[in-house]
Structure formats: structure tokens, C-alpha cells
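Reviewing the structure listed below.
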Amino acid sequence: MKLILAEKPSVSKNIADALKIKNRQDGYFEGNGYIVTWAFGHLLQLNDAKDYDEKMATWKLENFPFIPSKFQYKVKSDSKNKDKPDRGAEKQLKIIHRLMKRSDVDTIISACDYDREGQLIGDSIIYNLRTEKEVYRLLLNEWTPKEVLNGLENLRSNNELRPLQDAGVSRQWADWLIGINLTSVATLKYQKGKGKALNIGRVLLPTLKIIYDRDKEIETFVPENYYKLQATFLTENGSSYLGAYIENREEKFKSEQYLKELEEQINGKTAIIADKKVQKKKEYPPFLFNLSNLQGYITSKYKGWTADKVLKVAQSLYEKKYITYPRTASIALEESLISKTEKVVNLLAADLPFKEEVKFFPSKRIFDNKKVESHSAIIPTYVLPKRLSQEEQQVYEAIKNRLLMQFMPVAEVEETKIITSINLLELKGSFITKGKVQLVEGWKKIEKIQSKDVMLPMVQVGEEVFTSDAVTTTHTTQPPKEHTEKTLLRLMETCGKNFDAENEEDVLTILSGFSIGTPATRAETIKKLKDIGYIEAKNKNLVCTDLGRRIVDTFPIKDLFNLDFTGKLEKDLYDMEKGQFSKKQFLQMISNFTSSAVETIKNEADVIIQEVTYAKQTTEVLGKCPVCGHSVVEGKKGFGCSNWKNGCKFVIWKNDKFLATMKKKPTKTMVKHLLKNGKAPVKGLVSKKGNKFDAMMKYEKNQDNEYFSWKMEFPE
């Protein structure tokens with residue numbers, strides 16, 4: 001009997017289905033020579049400092065740095081009570097342990113995700129529960145039945161994955177050491193009041209610094225005026241075209257007077273077509289998606305999306321077997337996937353109106369082992385989805401379209417450049433006109449990408465034209481734009497450097513591991529920066545809060561803001577995965593850094609970065625309870641009757657499920673209207689198809705029980 005441990009219940013179901021196991025027990029499937037059980041992500045977590053030493057239960061500067069001689073694990077904490085173990089995790093660990101000890105089980109297979117975190121999740125469970133049995137690794141890029149069965153035929157010994165385990169453990173221990181020590185000491189040193197903490201992290205701070213630097217660039221930007229000269233030329237047959245004056249390859253001029261003088265000289269003069277160049281150019285489709293590019297594409301295209309949300313939806317599609325592994329940095333596919341990809345492409349193209357234009361070929365641009373690190377780019381699998389939510393559909397369509405684009409004809413444009421010189425004037429420059437015509441639409445058909453063509457009249461070299469008008473225009477230099485999740489993810493991926501994704505050397509550099517965080521953690525980092533109040537979102541833009549600025553200005557450990565320092569740590573972990581860097585050396589370096597940083601903070605001057613205050617809450621009466629007439633007030637979880645202690649059950653929950661289906665939450669204003677008028681106007685409700693609508697909402701008591709239900713009325 002072989003025991004398979006999956007990372008999540010949904011994945012264990014995929015494995016059980018592939019093995020045609022129908023028998024489900026409490027916490028596992030069993031049949032056909034296999035037992036398939038599951039974790040819920042991390043079932044174990046590192047001990048808290050107080051678990052090692054009781055004195056660490058209270059934060060005191062003198063107790064830091066705190067570096068355990070040996071790291072230990074415990075059942076992950078309950079989300080509502082950190083001092084108690086999570087009951088579900090505790091129960092599932094006991095089930096896994098019991099299954100591992102069964103006498104008929106001779107082999108254990110870890111089927112957690114094939115990445116640093118997946119290795120850590122599986123190994124922490126298997127080895128902390130202790131076993132003498134052989135442990136193997138199932139390494140897959142998708143959870144389709146064919147891949148599961150093929151993977152089980154090609155298992156690897158888990159010992160071969162020791163470098164990956166070392167990297168996972170080192171990342172976890174390093175983040176614990178830096179996070180626990182520096183967060184505690186920074187909070188004690190720079191915060192007044194209790195109840196919150198100043199979060200300090202290895203990936204948090206350099207990401208914050210990227211946004212801080214952009215905000216500073218914008219603040220210190222000094223706008224400057226510049227000037228352009230543009231002329232309108234008439235041909236003999238009455239056609240016209242515009243030309244921009246360019247001198248020494250420069251179109252922008254600091255002197256308005258200079259251009260005004262040229263303007264006067266050329267107005268009404270004849271000119272000649274000095275040169276005309278027509279060039280056909282090929283436009284290749286963008287590369288396949290890796291996670292960062294997918295997150296950037298979706299967050300830019302659709303409102304209301306965050307990088308974190310894109311990852312969650314992509315993960316859902318992966319677990320439902322519709323796409324390959326999403327947490328990848330690669331934008332190409334392994335060469336071994338040529339045959340499999342051909343079948344997927346033919347399947348996806350079958351219903352396209354222009355399916356005859358989709359022609360599969362094993363292009364080196366798409367299939368290249370040098371451009372793949374651990375996992376290939378994200379593409380659909382052969383399992384076609386039957387029903388998807390609107391959000392899943394948007395992500396799936398993007399991934400599907402990006403794959404199909406690769407096998408459509410290359411788009412072609414004709415670029416024309418006309419150089420016009422003014423007759424009888426010896427100008428230092430000339431007038432340049434550029435135009436573009438789309439000759440072959442090609443892959444742009446997939447997403448109906450429109451080209452902005454500038455049509456030019458037919459003119460020949462040596463032809464004379466007339467300068468009908470010349471205008472000098474004033475322009476102002478613009479500050480750099482605030483970061484979006486798309487631009488931030490790009491800089492995290494490249495460790496602050498602007499690379500060209502079409503350049504092969506740059507692609508390989510991105511895959512070298514020198515980055516801020518990993519594809520799996522970047523979205524979580526951005527979300528955490530928002531949650532702890534260091535940055536905030538303004539529409540699609542990200543900016544520093546006052547607290548975030550004070551952290552960057554005041555916190556003395558400048559290495560943690562340094563992109564190269566953080567990139568080097570990530571590169572060390574990457575090299576560790578390859579067996580090229582020592583876990584012991586890495587952890588010793590982190591320990592030394594942590595100890596030094598703690599001492600530096602202790603010796604700094606006392607400055608308040610954050611002051612935590614609690615204002616006394618005044619209970620606002622929103623209206624009279626429709627059941628008993630007492631006051632309705634706002635609580636943590638809902639708007640309820642103040643007479644609840646005596647049994648009144650009237651409440652409108654803040655996470656009301658009916659309203660949530662239409663992407664709404666009850667507000668104080670809505671509740672006031674309901675209590676006063678019996679109904680409330682609500683705008684911007686969202687239907688199942690994603691359409692927005694307005695309605696008059698009522699909250700009425702059911703006739704056959706004591707509960708209330710929502711009803712909607714629509715204006716005629």
C-alpha cells in the first residue's frame with residue numbers, strides 16, 4: 001500500500017479520481033493499492049519565541065536578540081486564538097500519522113507542489129511525525145489524470161530533493177529570525193502605545209522602498225517647459241501631412257524663440273521630399289505568461305483586481321485541472337512539452353472562426369529549456385472547463401489567448417518615414433513624418449488588438465510640396481507615474497532593474513534568482529503592505545502612507561531597504577535549491593545580521609514612528625428595532641438590536657451572504673434608511689453575469705419563522 005500526501009483536499013481528490021478511487025474515509029481516500037490523504041497547506045508552524053522560553057512572552061529590549069539553538073515546530077495556531085492549536089489541523093495530523101504507521105503502508109509519497117514551499121509543507125509533516133519508511137516525491141506541473149498516472153510511474157526519491165528542502169527551511173527560519181527579532185525591537189523602540197506592531201520583514205521593506213522612491217521622485221520633480229515645431233505640407237494633388245522638426249535627433253527644444261524664428265522663415269515656402277523609406281516589420285506576440293506577467297496583465301485590464309486575487313483565481317484553475325502550475329517565473333515551455341502542447345493548441349483552436357490560421361510549430365521562441373526554471377510558463381491543459389465564474393473566465397481566457405497567439409501568423413506592419421526639407425533655406429534640421437499601416441493582422445485577431453495607423457499620402461523622393469502652416473507648441477515635462485501593481489511586480493521580479501522581456505539575456509537574468517521574493521510570495525507581500533498600513537491603493541496606483549514614509553526615513557537598518565542586499569539573499573536561496581550554497585552558511589549569515597541589527601536599533605535615539613491610541617467609541621443609534629422597538633447599533637460583525645441580551649435576534653450581518661452575491665455589504669446609511677422607511681436605495685449591485693444595476697432593498701421578517709430576508713424592488 002502506498003500513502004500519498006497532497007497539499008490540499010482538492011488536489012487529493014484529483015489524485016483519487018486519476019486512480020479511480022471511490023472510497024472516501026474521514027481524512028483520506030483508499031483503494032486500488034493507494035491511500036490518498038491531504039494537508040491544508042502548512043499544518044505545522046515554527047514555535048513562537050515564548051514556546052522556547054517563558055520570559056519571551058513579554059517583549060523586553062534586553063531579551064533580544066533571541067536566536068534558538070534549534071528550531072522546533074508545533075501544530076499551526078487557531079486563527080482566532082493564537083495560543084491554541086487549530087483543531088482541524090490537529091485532527092488531520094493525527095489521521096496522517098496513523099496512516100503513516102499502518103503496517104500495510106510501505107511507501108510514502110509527497111505530492112505537494114513542486115516548489116520551495118510545497119517541499120517544506122510535505123517534509124515538515126512527514127519528518128516531524130517521524131518515519132523509517134521510504135519517502136518518494138511526485139513532481140507534477142498539472143493535475144490532469146494523465147499527468148498524475150505518468151508522475152506515479154516516474155517517482156523520485158525524496159532524498160534527491162534535499163536542496164529544495166534546505167532552501168524552504170532556510171527561507172522560513174530566516175524570515176522568523178528577522179521578523180520576530182526586528183519587529184519586536186522596532187515596536188519597543190519606535191512605537192508609543194500597545195495593540196499594534198511595526199512589521200519589519202526581509203521582503204516587505206525593499207518593496208516599500210520601491211514605492212517610497214517613486215513617491216519622492218514625483219514630489220521633487222520640477223516641471224520644465226519645452227517646445228516643438230510642426231509643419232503642415234500640401235502635395236500637388238491637395239493631400240496633406242504633418243512633419244515634426246528634428247535637429248540633431250532632437251524633437252524637443254528649450255528655446256521657444258528659436259522655433260518661432262524658424263516658423264516665420266518656413267511659412268508659405270516650398271519644400272521637397274528629401275527621402276522616403278518604406279520598411280516592412282514583423283510584430284511578434286508577447287511571450288507566454290509567468291505569474292508576474294499574468295498578474296500585471298489582469299490588474300491593468302480589469303478594475304477591482306489585485307495581484308493577490310489573480311494568484312488565488314489562477315490557483316483555483318490549477319487545482320481544477322484547467323491550467324498548469326501558476327507560480328512560475330518562466331515565459332517559455334520545456335522542449336519535452338512539444339507534443340502535449342500541440343494537442344492542447346488544436347483542442348483550443350477547434351471552435352475559433354479563424355481556426356485555419358492557427359498552425360502549431362515547435363518554435364524555439366516558445367520551447368526552450370534555457371528559458372525554463374523548474375516550471376514552464378502557464379498554459380491551459382487538455383481539460384476544457386465547462387463552467388467558470390466570471391473571474392475564472394477572465395484569467396482562463398487570458399492564458400488561453402496568450403498560448404493561441406504564439407501559433408497565429410506573425411503580425412506585419414509597413415512603416416513609412418518621410419524626410420521633408422525646406423527649399424532655399426539652410427536649416428540645421430529637417431521635418432520627419434512617420435506612418436504605419438497594418439498589413440497582416442495575425443495574432444492580434446485573438447484579442448481584437450487595434451493598431452493606431454497614421455495614413456500618409458503617396459509622395460515620391462524629389463517631389464515638391466508646399467508649407468501651408470507651421471506652429472510652435474508649448475509642452476511641459478511630466479513627473480514619473482505612481483506605481484501600479486503591474487509596475488511594482490515587474491521591479492520585484494527584476495530586483496529594481498528595467499529589463500526588456502524580448503531580450504534573451506534579460507529573460508535568463510530574471511530566471512537567475514536575483515529578485516525580491518518569489519512568484520509565489522510577491523502578491524502576498526503587496527497585500528501585507530496594504531494591510532499593515534505602509535502603503536495604500538488610490539484607484540490602480542500604489543503610494544506610501546505617512547507611516548510607510550516614517551519607516552523608511554527612520555528605521556536604521558538600511559540593508560533591509562537595499563534591493564541588492566535582498567536580491568542577494570534570494571539568489572543564495574536559489575543557489576541552495578541547486579545544491580550550490582550551504583544552508584549552514586546562509587543561516588549563520590542571517591543570525592549574524594539579525595544580532596547586529598538588534599544592537600544597532602538598541603543604540604539608536606528614541607523616536608516615535610507610530611503612536612497607537614484608542615478613542616472611546618460612542619454608540620450611534622441607527623434607528624428603532626422593528627421587532628422590539630429598542631435601539632439598533634453597530635457592532636463588530638453586524639448592525640443589531642441593543643436588546644439582544646434579553647433575546648431579541650434582529651441583526652443585519654456585515655458579511656450578509658445574499659448581499660455578498662451582488663458584491664455589496666450593508667452600510668450605516670443603508671441600515672438607517674431601512675429602519676426609518678422600511679426600504680433603502682442601493683446602487684451598483686452586480687448580477688451573476690457581471691452587469692451593474694440599482695434596486696430598492698427591503699429587509700422583512702419571514703412569516704413562518706423569526707428570521708428576516710431581503711427583497712428587491714426595481715424602479716419602473
- Item | Separation of N158 CG from I126 CD1 (nearest 0.5 Å) | 6.5 Å

- Below 4.0 angstrom, N of the basic side chain to O of the carboxylate: do E570 and R116 qualify? yes

- Message: To the closest 0.5 Å, what do you measure between CG (D104) and CD1 (I35)?
- Response: 5.5 Å

- Is the side chain of S330 donor-acceptor paired with the backbone N or O of E373 at a distance under 3.5 Å, no angle test? yes

- Note on the structure: Taking every heavy atom of L164 against every heavy atom of D115, the minimum-distance pair comes out as CD2-O, 3.8 Å

- Query: Quick one: is the NZ or CZ of K654 closer than 6.0 Å to the six-membered ring centre of F639, and within 45° of its axis?
  - Reply: yes

- Query: Is the backbone N or O of M576 less than 3.5 Å from a side-chain atom of K583, with the two atoms forming a donor-acceptor pair by type?
  - Reply: no

- Message: Under 4.0 Å between a side-chain nitrogen and a carboxylate oxygen: does that hold for K84 and D78?
- Response: no

- Message: Counting the benzene-type ring for Trp, do Y114 and Y325 have ring centres under 6.0 Å apart?
- Response: no

- Query: Is the number of heavy atoms from other residues, nucleotides or ligands within 6.0 Å of NZ (K13) greater than 12?
  - Reply: no

- If only atom types and distance count, is the side chain of H97 paired as donor or acceptor with the main-chain N or O of L129 below 3.5 Å? yes

- Distance under 6.0 Å and angle within 45° of ring axis: R402 vs Y297: yes

- Yes or no on side-chain hydrogen bond (donor to acceptor under 3.5 Å, both in side chains) for Y73 and Q172, after CA distance, side-chain angles and deciding distance? CA-CA 12 Å; Y73 289 83; Q172 188 185 44; 2.6 Å; yes

- Message: Check whether Y382 forms a cation-pi arrangement with K146 (NZ or CZ under 6.0 Å from the six-membered ring centre, at most 45° off the ring normal).
- Response: yes

- Query: Would you call D51 and K74 a salt bridge, using N to O less than 4.0 angstrom?
  - Reply: yes

- Item | Side-chain donor or acceptor of T187 paired with backbone N/O of T183 under 3.5 Å | yes

- Task: Going by the side-chain contact (heavy atoms from CB on, under 4.5 Å) test, name the single residue among T521, T207, L489 that passes it with I516.
- Result: T207

- Salt bridge or not for E30 and K22, using N-O below 4.0 Å? no

- Any chance you could measure L529, atom CG, to Y534, atom OH, to the nearest 0.5 Å? 8.5 Å

- Item | Verdict with supporting geometry, S292 and R522, side-chain hydrogen bond (donor to acceptor under 3.5 Å, both in side chains) | CA-CA 8 Å; S292 292; R522 289 179 195 127; 3.2 Å; yes

- Message: Quick one: does any side-chain atom of S110 pair with a main-chain N or O of R137 as donor and acceptor, under 3.5 Å?
- Response: no

- Quick one: do E391 and K663 make a salt bridge, cutoff under 4.0 Å? yes

- Could you pull out the closest heavy-atom pair between N32 and L19, with the gap in Å? ND2-O, 2.8 Å

- Message: Would you compute the distance between atom CG of D53 and atom CG of N47 and round it to the nearest 0.5 angstrom?
- Response: 12.0 Å

- Query: To the nearest 0.5 Å, what is the distance between NZ (K101) and CD1 (I96)?
  - Reply: 13.5 Å

- In this structure, are over 12 heavy atoms from other groups packed under 6.0 Å from W653 atom CH2? no

- Task: May I ask you to decide if P85's main-chain N or O and S77's side chain share a donor-acceptor pair within less than 3.5 Å?
- Result: no

- Is E117 paired with R171 through a side-chain N to carboxylate O contact shorter than 4.0 Å? yes

- Message: Any carboxylate oxygen within less than 4.0 angstrom of a Lys/Arg side-chain nitrogen, looking at R87 and E90?
- Response: no

- Query: So, for F29 and A16, which heavy atoms are closest and what is the spacing to 0.1 Å?
  - Reply: CG-CB, 3.7 Å

- Contact summary for T594 and L177, nearest pair of heavy atoms: CG2-O, 3.6 Å

- In this structure, are over 12 heavy atoms from other groups packed under 6.0 Å from E524 atom CD? no

- Taking 4.0 angstrom as the limit, do D656 and K664 come out as a salt bridge? no

- Do other residues, nucleotides or ligands put more than 12 heavy atoms under 6.0 Å from the NZ atom of K530? yes

- Ignoring hydrogens and angles, state whether a donor on the side chain of N646 or N643 is under 3.5 Å from an acceptor on the partner side chain. yes

- Would you please say whether a donor-acceptor pair under 3.5 Å links the side chains of N290 and E493? yes

- Item | Donor on one side chain, acceptor on other, E700 and W710, under 3.5 Å | no

- Task: Mind listing the closest non-hydrogen atom pair of E160 and P163 along with its distance?
- Result: O-CD, 3.6 Å

- Query: Roughly how far apart are W38 CH2 and Q92 CD, rounded to 0.5 Å?
  - Reply: 6.0 Å

- Query: Any Lys/Arg nitrogen of E319 or K8 sitting under 4.0 Å from an Asp/Glu carboxylate oxygen of the other?
  - Reply: yes

- Message: side-chain hydrogen bond (donor to acceptor under 3.5 Å, both in side chains), that's the test. Do S316 and E392 meet it? Break it down for me.
- Response: CA-CA 8 Å; S316 169; E392 287 175 329; 2.9 Å; yes

- Item | Nearest heavy atoms of P380 and V344, plus distance in Å | O-CG1, 3.6 Å

- Among side-chain atoms of N702 and S709, is any donor-acceptor pair under 3.5 angstrom? yes

